[in-house]
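Notes follow once the structure below has been shown.
The sequence lines fix the lettering, A, B, ..., with proteins before strands; numbering per chain opens at 1. Quick note: numbers below take in every heavy atom, side chains included, and nothing from hydrogens, waters or symmetry partners.
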There are 2 protein chains.
Amino acid sequence: MNTNINIVPLSEKIADTLQVISPSPRLAILIAIGRKEACVCHLESILGWRQAYISQHLMALRKAEILQDRRAGRYVYYRVKDEAILSLVRDAAALSGLDPQNVDLCANPDPGPACECPHCTPETILLTLPDIQK
Amino acid sequence: MNTNINIVPLSEKIADTLQVISPSPRLAILIAIGRKEACVCHLESILGWRQAYISQHLMALRKAEILQDRRAGRYVYYRVKDEAILSLVRDAAALSGLDPQNVDLCANPDPGPACECPHCTPETILLTLPDIQK
DNA sequence: ACAATATATTCATGAATACGAATATAAACA
DNA sequence: TGTTTATATTCGTATTCATGAATATATTGT
């Protein structure tokens, strides 16, 4: 069967997507977001990286239309547009000799008290918290 | 549930695999090989690239244990060790807005008369062919 | 032994990427 | 309005990668 599809342009298009997500900081961000949404301070707390560094990678992922952002006041929440990305990351984990379930287990963990966004600390709780790390 | 799995080393391990396969020349090679095996001149014929260029990428894929090689006289045949790699490439194609079936349709096409390896031109046919492009 | 063919490997150079530092922008607070 | 907080963006530099050119190695043919 003769096709009009040429391998070279096909693989270039596939490469465009894979090369956006394959740097490890971006994989970490995608896994950290998981199937929920997360804000930048959330990601800072989970990953322990500088805000500007995270923002740079968010910018690349946003530009590639892999992430969708939603602003709520000062906070910006990011969500993975297509869960197939996460599925692909799990498959890549399996290929790397890892248990794909570990990717799910890592996904969007509780960042703990370091993250004070409304998402993690609803107002009613925030008002009662002592002044920590301020 | 608290896990011992840290996102950062997990994503670094996944990145190791994804970064080996995500350059478009390597994707093209993996697709060209498909679920069969192919030799270097086969790939030359299909992809239209220089032999040394293809060999460099084959070396990287071999080093990452993604490809398995088999020598038959002068000819070296390459095969994709784990079909999950091809599955992942198909998924990446879908994410890139392509029809994953197109990846299968491209896989290991007939290279035509340019490839004279025993694989493509069994001896009985080779003996009867006129002297073309020699 | 030498030549031809198939393939692998190394090195140099230019391009692309990674990341830190600095700074800009937006929204809320005093 | 100015300050604070959350986040985005730009630029520079070091590092890594991509690829061409040259060459080395392995096998077969004469």
Side-chain angles (χ1 to χ4, degrees), chain A residues 8 11-12 15-16 18-29 37-45 47-64 67 69-78 111 114-121 123 126-127 131 133-134, chain B residues 8 11-12 15-16 18-29 37-45 47-64 67 69-78 111 114-121 123 126-127 131 133-134:
Chain A
V8 175
S11 51
E12 280 166 0
D16 284 346
L18 282 180
Q19 279 179 320
V20 167
I21 69 172
S22 64
S24 69
R26 295 178 198 172
L27 287 170
I29 288 169
E37 62 177 10
C39 60
V40 180
C41 55
H42 200 109
L43 296 172
E44 272 186 87
S45 173
L47 300 173
W49 293 334
R50 290 178 303 100
Q51 171 271 318
Y53 181 66
I54 294 174
S55 264
Q56 275 182 302
H57 288 295
L58 288 173
M59 182 165 69
L61 290 168
R62 218 186 325 115
K63 189 176 278 185
L67 289 184
D69 58 307
R70 169 181 80 85
R71 182 174 276 268
R74 289 173 173 172
Y75 296 90
V76 185
Y77 294 94
Y78 286 91
C115 186
E116 294 177 4
C117 75
H119 229 286
C120 303
T121 47
E123 270 185 43
L126 195 62
L127 287 172
D131 196 325
Q133 290 179 351
K134 273 188 161 169
Chain B
V8 175
S11 52
E12 279 166 359
D16 284 346
L18 282 181
Q19 278 180 321
V20 167
I21 68 174
S22 65
S24 69
R26 296 178 198 173
L27 288 170
I29 288 169
E37 62 177 10
C39 60
V40 181
C41 56
H42 199 111
L43 297 172
E44 271 186 86
S45 173
L47 301 173
W49 293 334
R50 288 177 303 97
Q51 171 272 318
Y53 181 66
I54 294 175
S55 263
Q56 276 180 301
H57 289 294
L58 287 173
M59 182 166 68
L61 290 168
R62 215 183 330 114
K63 188 175 278 184
L67 290 184
D69 57 308
R70 169 181 78 85
R71 182 175 276 268
R74 291 170 171 173
Y75 295 91
V76 184
Y77 294 95
Y78 287 92
C115 185
E116 292 178 4
C117 77
H119 227 284
C120 304
T121 46
E123 269 185 43
L126 196 61
L127 286 171
D131 196 326
Q133 289 179 349
K134 271 185 164 175

End axis versus end axis in the helix from C/dA1-D/dT30 to C/dA30-D/dT1, the angle rounded to 10°, five pairs used at each terminus: 10°

Is there a donor N/O on one and an acceptor N/O on the other, under 3.5 Å, for the side chain of A/Gln51 and the base of D/dA6? no

Between [atom2] of [N] and [atom1] of [X], the distance in whole Å:
| X | N | atom1 | atom2 | value |
| --- | --- | --- | --- | --- |
| B/Arg26 | D/dA18 | CZ | C1' | 9 Å |
| B/Tyr53 | D/dA18 | OH | C1' | 7 Å |
| B/His57 | C/dA8 | NE2 | P | 13 Å |
| A/Leu61 | C/dT17 | CG | P | 14 Å |
| B/Arg74 | C/dT7 | CZ | P | 10 Å |
| A/Ile54 | D/dT9 | CD1 | P | 15 Å |
| B/Tyr75 | C/dT7 | OH | P | 7 Å |
| A/Lys63 | D/dA8 | NZ | P | 13 Å |

Restricting to non-hydrogen atoms, name the atom on B/Ala28 and the atom on A/Ser11 that form the minimum distance, rounded to 0.1 Å. CB-OG, 3.4 Å

Least distance between heavy atoms, B/Trp49 atom then B/Glu44 atom: O-CG, 3.6 Å

Would you sort out whether A/Arg62 and A/Tyr78 count as a side-chain contact (heavy atoms from CB on, under 4.5 Å), showing the intermediate values? CA-CA 9 Å; A/Arg62 218 186 325 115; A/Tyr78 286 91; 3.5 Å; yes

Using side-chain heavy atoms (C-beta onward) and a distance below 4.5 Å, is A/Leu58 in contact with A/Leu43? yes

Below 4.5 Å, heavy atoms only, C-beta onward: do B/Arg26 and B/Ile21 meet side chain to side chain? no

Return whichever of A/Pro25 or B/Gln56 has its heavy-atom-nearest nucleotide of DNA chain C closer to the 5' end. B/Gln56

In terms of the nearest nucleotide of DNA chain C, which residue is placed more toward the 5' end: A/Arg50 or A/Gln19? A/Gln19

Any side-chain N or O of A/Arg71 below 4.0 angstrom from OP1/OP2 of C/dA28? no

When rounded to the nearest 0.5 Å, the distance separating CG of B/Leu47 from NE2 of B/His42 is 9.5 Å

Let me confirm one number: the CZ-SG distance from B/Arg71 to B/Cys39, rounded to the nearest 0.5 Å. 12.0 Å

